[in-house]
Number of protein chains: 2
Amino acid sequence: MTDRADLDTVFAALADPTRRAILTMLLEDDMAVTDVAEPFEMSLAAISKHLTILTRAGLIAQEKRGRVKWCKLQPDALRGASVWMQGFGQFEPVNLDAFERFLASELGGEDETRE
Amino acid sequence: MTDRADLDTVFAALADPTRRAILTMLLEDDMAVTDVAEPFEMSLAAISKHLTILTRAGLIAQEKRGRVKWCKLQPDALRGASVWMQGFGQFEPVNLDAFERFLASELGGEDETRE
DNA sequence: TTCTTACTTAACCGGAGGGTTGAATGAGGA
DNA sequence: TCCTCATTCAACCCTCCGGTTAAGTAAGAA
C-alpha cells in the first residue's frame, strides 16, 4: 500500500508552498503546464520541475495531447499520507467516513458531475 | 490559523522516516531524548536535531525536568495539515462553503460528529 | 569539588532542493 | 519547408538537510 518511500515523497512534495498552490489550482480544473506557471513569479523550467516532483509523488498525472501536456490532480495519492496522520488518533481527526458521506451527499445532491 | 509557513514546516518534518518513527514511538509514551535515540543507528546529536525540527513544527514539545528532557507528542499540530489534505479528497467541484461547514463541525466539537 | 550523565552546539561534509539561463526537443501552423 | 509554441534538459549556483565527530553546558551523584 503506502510504504515509507511513498510517504517521504508525498510529504516532501507537500512541503513546498508553490507545489501546494499548484495542487489548489488543479482542484478547479486540469491545466496545461504554461497555464499552471502563469501566476507564479518564476521560470517555466522551475514550474516544470515542481510538476515533476508532484508527478513522482503521485499527486498529479500528466498527459500529453498534441504539444500540450495537461496536468490533473490525483487526490487519491493523499489518502495514504492522510491515513498515516490519522493514526495519531489522539486528536479528533477529520473523520474519513463522515467525509465520504459528506462527499456523497454533496455530489449526489447538487452537482452530479461525477460519472 | 494555519498559515503557509506552518504547513511548510509540518510537512517537511513529516517527510523524514526517522522523524515519523520518532512520532510513532511517542504515541506510546513520553520519552527522554536518550531513549528516543536508542533504537536508531545514528548519533545522539542527529536525533537531537530531528527533535528540534519536530519541536519547531509543533509536532512535539520538550520539557526539561532535572537533566532529562522529556519529549511528548503534540498531535494537534497535525490537524492543520490534515485539514488541508482533506480538501483534496474531492474529485469534482464541491460546494466549498459546505466543505467549510463540514470542517467546522468536524473540528469544532470535542465530541465526535459521526453518528 | 569532582565525576558522570544528558543533552546541545559547533564545525564540517556530501548530497539534495529550489532557483536561474540557455539550448534542445517536438508538434502544429503558415 | 520554416517558424513558433510548449515543454524539458543541462549546467550551474547557493542554500538547506541529514549525518558525522568533538567540544561545551548543565544537573545530579559521590
Side-chain angles (χ1 to χ4, degrees), chain A residues 4-26 29-74 77 81, chain B residues 4-26 29-73 81:
Chain A
R4 287 176 182 84
D6 284 341
L7 290 176
D8 286 6
T9 55
V10 168
F11 282 130
L14 295 178
D16 184 274
T18 300
R19 288 193 291 266
R20 288 198 308 276
I22 291 173
L23 292 176
T24 303
M25 291 163 56
L26 291 176
D29 208 352
D30 300 355
M31 296 177 81
V33 174
T34 305
D35 296 329
V36 170
E38 196 272 333
F40 296 98
E41 299 274 327
M42 127 185 9
S43 71
L44 196 59
I47 296 294
S48 180
K49 282 188 186 180
H50 282 305
L51 292 172
T52 300
I53 290 171
L54 289 170
T55 301
R56 275 209 273 263
L59 291 166
I60 67 170
Q62 292 181 281
E63 180 200 353
K64 197 172 177 184
R65 281 204 299 272
R67 56 181 170 176
V68 174
K69 206 165 183 180
W70 293 91
C71 307
K72 70 178 299 186
L73 209 58
Q74 301 282 101
Chain B
R4 276 132 199 101
D6 284 341
L7 289 175
D8 286 4
T9 54
V10 168
F11 282 130
L14 295 177
D16 183 273
T18 301
R19 287 193 292 264
R20 288 198 307 276
I22 291 174
L23 291 177
T24 302
M25 290 163 57
L26 291 177
D29 208 351
D30 299 354
M31 296 177 82
V33 173
T34 306
D35 296 329
V36 169
E38 195 272 333
F40 296 98
E41 299 274 328
M42 110 182 29
S43 70
L44 194 59
I47 296 294
S48 181
K49 283 189 188 182
H50 281 306
L51 292 173
T52 300
I53 290 170
L54 289 170
T55 301
R56 275 208 272 262
L59 291 165
I60 67 169
Q62 292 180 284
E63 180 199 356
K64 197 171 177 187
R65 280 204 298 273
R67 56 181 170 178
V68 175
K69 206 165 184 178
W70 293 92
C71 307
K72 70 177 301 185
L73 208 59

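Bear in mind the structure is a predicted one, so any value in this text is a computation, not a measurement.
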Can you name the closest pair of heavy atoms from Thr9(A) and Ala57(A) and give their distance?
O-CB, 3.7 Å
What heavy-atom pair brings Phe40(A) and Ile47(A) nearest, and what distance separates the two atoms?
CD1-CD1, 3.7 Å
With a cut-off of less than 4.0 Å, is there a side-chain N or O of Gln62(A) near OP1 or OP2 of dT7(D)?
no
Atom-pair distance ([atom1] on [X]; [atom2] on [N]), nearest Å:
{"X": "Met31(A)", "N": "dT7(D)", "atom1": "CE", "atom2": "C1'", "answer": "15 Å"}
{"X": "Arg65(A)", "N": "dT7(D)", "atom1": "CZ", "atom2": "P", "answer": "12 Å"}
{"X": "Glu38(A)", "N": "dC5(D)", "atom1": "CD", "atom2": "C1'", "answer": "16 Å"}
{"X": "Asp16(B)", "N": "dC17(D)", "atom1": "CG", "atom2": "P", "answer": "11 Å"}
{"X": "Phe11(B)", "N": "dC17(D)", "atom1": "CZ", "atom2": "P", "answer": "17 Å"}

Checking all strands, does Arg19(B) fall into the base, sugar-phosphate, or nothing category for heavy-atom contacts under 4.0 angstrom?
sugar-phosphate
So which protein nitrogen or oxygen atoms get under 3.5 Å of nucleotides 20-26 of chain D's nitrogens or oxygens?
unit_1, atom_1, unit_2, atom_2, d
dT20(D), OP2, Ser43(B), N, 2.9
dT20(D), OP2, Ser43(B), OG, 2.8

What is the first contacted nucleotide of DNA chain C and what is the last, in 5' to 3' order, if contact means an atom lying under 4.0 angstrom from a heavy atom of chain A?
dG18(C) to dG28(C)
Partner of Ile22(B) under side-chain contact (heavy atoms from CB on, under 4.5 Å), chosen from Leu73(B), Ile60(B), Ile53(B), Val36(B)
Val36(B)
Could you give all pairs that pass the side-chain hydrogen bond (donor to acceptor under 3.5 Å, both in side chains) test and reach residues 50-62 of chain B, with sequence neighbours left out?
Arg19(B)-His50(B), Thr55(B)-Gln62(B)
Contact between [X] and [Y] at the side-chain level, heavy atoms closer than 4.5 Å - yes or no?
{"X": "Val68(A)", "Y": "Thr34(A)", "result": "no"}
{"X": "Pro17(B)", "Y": "Leu7(A)", "result": "no"}
{"X": "Gln74(A)", "Y": "Leu54(A)", "result": "no"}

For Leu26(B) and Leu59(B): C-alpha separation, side-chain torsions, deciding distance, then whether side-chain contact (heavy atoms from CB on, under 4.5 Å) applies.
CA-CA 11 Å; Leu26(B) 291 177; Leu59(B) 291 165; over 6 Å; no
